[in-house]
Amino acid sequence: AISTILWVFLAANPSSRFSRPTMIMAVILWFRSMSKTLSEDAFMYIFGRFSPKTALILAMAFRFIPLLRERGLKIQRAQRASGLYSNENIIDSIKGGSRVSEVLIGWSLEDGIITADSMAARGYGTGKRSFYSRYSFGSNDFVIMTLLVIVLLYNIFSKIFGITYADYYPEIQINNN
């Protein structure tokens with residue numbers, strides 16, 4: 001199955017070989033900039049009223065990714081200092097990486113149990129959720145939201161009436177005259 005996927009990717013239009021990875025990188029950059037600009041509290045404030053469980057899971061996942069990276073590096077440094085981790089050949093590198101993954105998974109599972117116990121002790125899921133928020137929707141927020149809605153409506157109507165055109169998967173066309 002993997003070879004089929006690779007063949008489809010390699011046999012695709014040559015321009016898509018560059019545009020698809022670029023689009024993936026753009027999505028990664030969007031999420032990275034979102035994680036830099038939105039704190040967990042702000043994320044819960046924005047999405048918590050619509051779907052509190054989904055917002056909580058996403059906020060925890062966004063927090064979890066950098067935490068895993070940091071802990072993985074910490075484990076790798078500790079194993080390297082004790083002589084367990086080596087990059088001399090590929091076999092040693094795989095063994096060291098599997099040891100790091102093993103410790104990281106155990107650490108993550110332990111943290112999951114601690115988080116679940118903490119949430120149960122605070123009464124999560126027992127009743128209607130109360131919201132604490134340090135954020136308020138001010139006049140600047142209203143102005144920006146209004147401008148974004150106007151731009152969105154302009155884009156929708158210009159697409160409907162054929163004023164604009166966007167192609168996300170570029171192609172190279174050669175006309176044989």
Side-chain angles (χ1 to χ4, degrees), residues 1-73 97 101 104-105 108 111-112 115-116 118-119 122-177:
I2 292 175
S3 63
T4 306
I5 292 169
L6 285 175
W7 177 252
V8 168
F9 180 72
L10 293 175
N13 187 350
S15 63
S16 67
R17 291 182 195 153
F18 302 107
S19 63
R20 288 180 185 159
T22 304
M23 286 189 286
I24 291 170
M25 289 302 298
V27 170
I28 290 170
L29 286 174
W30 291 341
F31 278 107
R32 185 171 186 138
S33 64
M34 184 192 75
S35 69
K36 295 283 185 191
T37 55
L38 278 181
S39 66
E40 287 183 37
D41 294 335
F43 187 83
M44 287 299 292
Y45 173 73
I46 294 170
F47 299 108
R49 295 214 187 256
F50 303 115
S51 179
K53 290 183 181 179
T54 305
L56 179 65
I57 289 171
L58 287 175
M60 291 174 75
F62 289 147
R63 177 187 163 270
F64 197 61
I65 293 168
L67 185 65
L68 272 178
R69 173 187 273 166
E70 179 184 319
R71 286 183 175 173
L73 290 173
S101 298
L104 191 58
I105 288 170
S108 300
D111 271 356
T115 303
S118 174
M119 290 172 71
R122 294 176 186 177
Y124 181 77
T126 58
K128 186 161 171 51
R129 189 182 188 295
S130 62
F131 289 92
Y132 166 74
S133 167
R134 343 178 246 182
Y135 304 102
S136 61
F137 196 79
S139 59
N140 289 340
D141 298 325
F142 181 76
V143 169
I144 290 173
M145 186 68 82
T146 305
L147 289 173
L148 288 173
V149 168
I150 289 170
V151 170
L152 175 68
L153 290 175
Y154 173 77
N155 285 332
I156 290 171
F157 287 122
S158 63
K159 176 67 177 160
I160 290 171
F161 295 115
I163 297 170
T164 60
Y165 172 77
D167 190 2
Y168 296 103
Y169 297 104
E171 296 179 0
I172 298 173
Q173 295 181 353
I174 300 173
N175 295 330
N176 294 331
N177 291 331

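A quick note: this is a predicted structure, and the numbers were derived from the prediction, not measured.
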Ser158 OG to Leu153 CG distance, which is reported to the nearest 0.5 Å: 10.5 Å

The reported gap from CD1 in Ile163 to CZ in Phe157 (rounded to nearest 0.5 angstrom) is 10.5 Å

Taking the side chain from Ser33 and the backbone from Trp30, do they hold a donor-acceptor pair closer than 3.5 Å? yes

I want to check something: taking the side chain as every heavy atom from C-beta on, are Ile150 and Met145 in contact at a cut-off of under 4.5 Å? no

Test side chain to side chain contact (heavy atoms under 4.5 Å, CB included) on Met34 and Leu29; report intermediate values, then the result. CA-CA 8 Å; Met34 184 192 75; Leu29 286 174; over 6 Å; no

Report the distance from atom CZ of Phe64 to atom CZ of Arg71, rounding to the nearest 0.5 Å. 7.0 Å

So how far is it from Ile160 CD1 to Ile156 CD1, rounded to the nearest 0.5 Å? 7.0 Å

Quick one: does Thr164's side chain get under 4.5 Å of Asn155's, heavy atoms only? no

